[in-house]
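What follows is one structure encoded as structure tokens, with my remarks underneath.
Per chain, numbering begins at 1; letters A, B, ... match sequence-line order.
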Number of protein chains: 2
Amino acid sequence: MQRVTIRDVAERAQVSTATVSRALSGAKPVSPAVREQVQRAADELGYAGNGIASALRRSRTDTVGMLVPSIANPFFTGLVEHVEHTLQQAGRQLFLCSSRSDPELEAQRLRSLVARQVDGIIISPVHGSLSTPAVQRAARELPLVQVDRYVSGVDSDWIGVDDDAALDLVMTHLAERGVRSAAFVSSQLTNSSTELRLAGFRRHAARLDVAVPAGHVLLGEYSIEWGRQAAAGLIAAGRLPDAVVCADDLIALGVLQACAAAGVAVPGDVLVTGFDDIPYSALSAPPLTTVHQPQAEIAAEAVRLLSRVLGDEPTAHDRVALRPSLIVRASTGG
Amino acid sequence: MQRVTIRDVAERAQVSTATVSRALSGAKPVSPAVREQVQRAADELGYAGNGIASALRRSRTDTVGMLVPSIANPFFTGLVEHVEHTLQQAGRQLFLCSSRSDPELEAQRLRSLVARQVDGIIISPVHGSLSTPAVQRAARELPLVQVDRYVSGVDSDWIGVDDDAALDLVMTHLAERGVRSAAFVSSQLTNSSTELRLAGFRRHAARLDVAVPAGHVLLGEYSIEWGRQAAAGLIAAGRLPDAVVCADDLIALGVLQACAAAGVAVPGDVLVTGFDDIPYSALSAPPLTTVHQPQAEIAAEAVRLLSRVLGDEPTAHDRVALRPSLIVRASTGG
DNA sequence: GACTCCGATGTAATCGATTGCCCAACCAGG
DNA sequence: CCTGGTTGGGCAATCGATTACATCGGAGTC
């Protein structure tokens with residue numbers, strides 16, 4: 001099955017390949033008669049064009065690469081959906097990759113995106129420091145925007161929420177509910193979100209006079225399973241604080257599950273909060289109080305920042321921190 | 001910022017571009033000394049290669065395209081994760097696209113994948129008939145495997161679960177629990193899964209003497225929101241059957257939420273079942289009885305079928321229906 | 001010692017579309 | 001009828017890597 005090339009179309013339409021190219025792309029004026037003729041020939045042959053050849057010549061692909069730590073996490077898929085939607089309106093495509101929380105895989109994917117000549121990259125880096133070299137190298141080759149998480153020491157735009165402000169909202173809310181002690185469950189301190197959220201947790205806990213007992217900062221990974229284990233550990237040790245603050249909703253869902261399994265009442269015995277406001281956080285038992293991330297805005301801003309760089313103008317790089325909001329549900333007493 | 005080409009490397013290593021290509025790809029033997037030299041030159045220059053040019057010449061990209069109706073649905077993201085993992089082990093990459101349940105967008109994405117010269121396509125088509133032309137055209141151009149859903153009239157492999165067997169499991173289980181009437185909530189009858197599941201529902205309901213009152217087959221879309229609306233409708237009309245059978249877990253989660261909101265007890269007043277066994281189905285209140293789909297196997301088989309076609313051998317096309325299993329949880333009485 | 005054969009390397013064609021450059025035709029104004 | 005300007009369209013170079021074919025030197029064989 002020989003693929004149809006522009007040459008075949010040209011032959012059938014009795015014109016040169018140059019004319020075919022111009023007629024189909026509309027880059028330069030072509031007489032209506034010829035355009036019609038070319039169009040017909042292309043249709044009859046089922047000409048699809050060769051994006052690879054075109055990309056090589058034009059050295060652009062109209063494609064943006066996006067690299068996220070996990071596509072099993074609804075927060076990221078939500079972000080991806082919005083980014084894709086936004087790009088589509090600009091006539092661009094999205095090339096999505098997952099680094100599966102592995103810096104090495106991430107580096108490989110980045111190289112691959114660069115080799116594939118995507119026009120730009122939107123990335124949420126896996127690791128605060130291990131990801132740096134690969135991200136830096138990629139950023140030197142082409143426009144790159146970081147979302148949600150970021151690595152230090154790379155000169156690029158970033159867009160996400162203000163983690164400190166988010167933890168302020170959470171802790172203030174908990175303090176108002178009478179919380180005097182709290183635990184924090186998160187992933188290993190391997191990325192900016194985790195660090196900033198923990199820092200915010202500590203800072204605002206101290207400010208509001210909420211105790212953080214030793215051993216009450218538990219670091220694992222962003223997953224339901226880890227939340228379950230962490231909470232099970234606290235419960236088994238009989239050291240449950242007034243509240244468990246989680247660095248994302250998956251962890252919080254795991255915590256809720258562990259509580260249910262152990263007969264610990266939420267919010268009766270302990271309050272629980274999440275972070276991200278994924279769709280499932282409203283469906284848990286009890287529904288989860290969480291920090292809402294404005295995904296649509298993050299996505300739109302990421303694309304905007306990227307296009308700004310694409311349209312050259314080497315402006316100074318921005319760090320945009322959006323204001324988060326708190327969604328209060330039953331897990332903190334409604 | 002001029003990108004480094006193979007020519008630059010060749011010049012610096014004092015060899016021809018042919019030798020550089022061979023040294024780096026290892027396609028043909030190169031003396032160790034020269035290989036070393038080339039490698040060093042490449043490293044020093046930070047040579048990354050141009051995948052586009054390479055793809056054009058070799059007319060293969062080592063990339064497989066995957067097109068799913070939605071990346072917000074955990075069932076599909078689970079599938080994608082497994083496919084990506086499997087491909088990665090074979091040294092291939094995944095190019096993921098979402099058709100957002102829109103046949104037109106789907107056709108566009110398919111064209112784009114073909115133009116990008118992916119080596120093969122794994123697709124779960126949006127619509128049973130509207131998707132046909134585009135899928136057919138793509139299947140003529142390159143290897144294509146359908147997963148989960150399929151369109152009629154296209155000559156290609158398919159891999160998924162046996163929907164009839166699944167509904168057999170569900171309905172038999174419900175009948176054993178004493179269910180005498182049931183409703184079915186699904187998406188519009190626009191794809192094979194929906195059709196087969198509904199058909200299975202009716203068939204096994206009849207067989208087991210479970211009544212399906214008029215107006216108790218509700219068709220909307222695969223989303224939490226639709227499940228909520230559908231259930232709210234049934235409740236408001238005071239026509240709640242013994243059980244509500246849902247065509248996927250998202251719908252079922254919505255149904256559970258509507259029941260909770262209306263004070264309808266599950267499984268006390270009504271039993272609810274889902275389909276897919278997404279991670280969140282275990283976390284709902286109550287946890288959901290659902291049909292487990294063997295995602296890893298589906299993914300592995302899809303990749304296997306695709307590679308079979310890639311390695312030419314134009315065998316007859318397969319339709320592989322895996323056996324589903326039932327996960328019984330509290331929503332049907334534990 | 002002459003002849004093969006083979007491995008390593010270079011030369012140049014090639015993949016398919018785009019585009020700079022140039023030419024021919026046509027138009028309007030003088 | 002001539003000239004300057006405009007426009008449609010062809011020729012061929014080009015993007016960067018791969019690879020068929022040619023070449024060359026040296027090892028092995030009788």
Applying the side chain to side chain donor-acceptor pair (under 3.5 Å) test to B/Ser156, which of B/Gln136, B/Arg319, B/Gln146 qualifies? B/Gln146
Short heteroatom pairs, N/O only, protein and nucleotides 7-15 of chain C, under 3.5 Å:
from: C/dT9; atom 1: OP1; to: B/Ser31; atom 2: OG; distance (Å): 3.0
from: C/dT9; atom 1: OP2; to: B/Ser31; atom 2: N; distance (Å): 2.9
from: C/dG10; atom 1: OP2; to: B/Ser16; atom 2: N; distance (Å): 2.9
from: C/dG10; atom 1: OP2; to: B/Ser16; atom 2: OG; distance (Å): 2.9
from: C/dG10; atom 1: OP2; to: B/Thr19; atom 2: OG1; distance (Å): 2.3
from: C/dG10; atom 1: N7; to: B/Arg22; atom 2: NH2; distance (Å): 2.8
from: C/dG10; atom 1: O6; to: B/Arg22; atom 2: NH1; distance (Å): 3.4
from: C/dG10; atom 1: O6; to: B/Arg22; atom 2: NH2; distance (Å): 3.1
from: C/dT14; atom 1: O2; to: B/Arg57; atom 2: NH1; distance (Å): 3.0

Can a side chain N or O of A/Tyr47 be found less than 4.0 Å away from OP1 or OP2 on C/dA17? yes
Separation of C/dT19 C1' from A/Arg60 CZ (nearest whole Å): 15 Å
Test item: A/Ile298 and A/Val147 side chains (from C-beta on) under 4.5 Å apart, heavy atoms: yes
Under a 4.0 Å N-O cut-off, is there an ion pair linking B/Glu301 with B/Arg304? yes
Here the distance between atom C1' of D/dA17 and atom CZ of B/Arg3, to the nearest Å, is 13 Å
What closest approach, in Å, do B/Ser98 and A/Glu81 show between heavy atoms, and which atom pair accounts for it? OG-OE2, 4.2 Å
OP1 or OP2 of D/dT18 less than 4.0 angstrom from a side-chain nitrogen or oxygen of B/Ser21, does that happen here? yes
Reckon A/Gly51 touches a base, only the sugar-phosphate, or nothing at all at heavy-atom distances under 4.0 Å? nothing
Taking the six-membered ring for Trp, are A/Phe95 and B/Phe95 parallel (under 30°), tilted (30 to 60°) or perpendicular (over 60°)? parallel
Expressed in angstrom and rounded to an integer, what is the separation of B/Ile6 atom CD1 from D/dG16 atom C1'? 8 Å
Expressed as a whole number of angstroms, how long is the span from A/Gln37:CD to D/dG9:C1'? 12 Å
Please check if atom CD in B/Glu104 has more than 12 non-hydrogen atoms from other residues, nucleotides or ligands closer than 6.0 Å. no
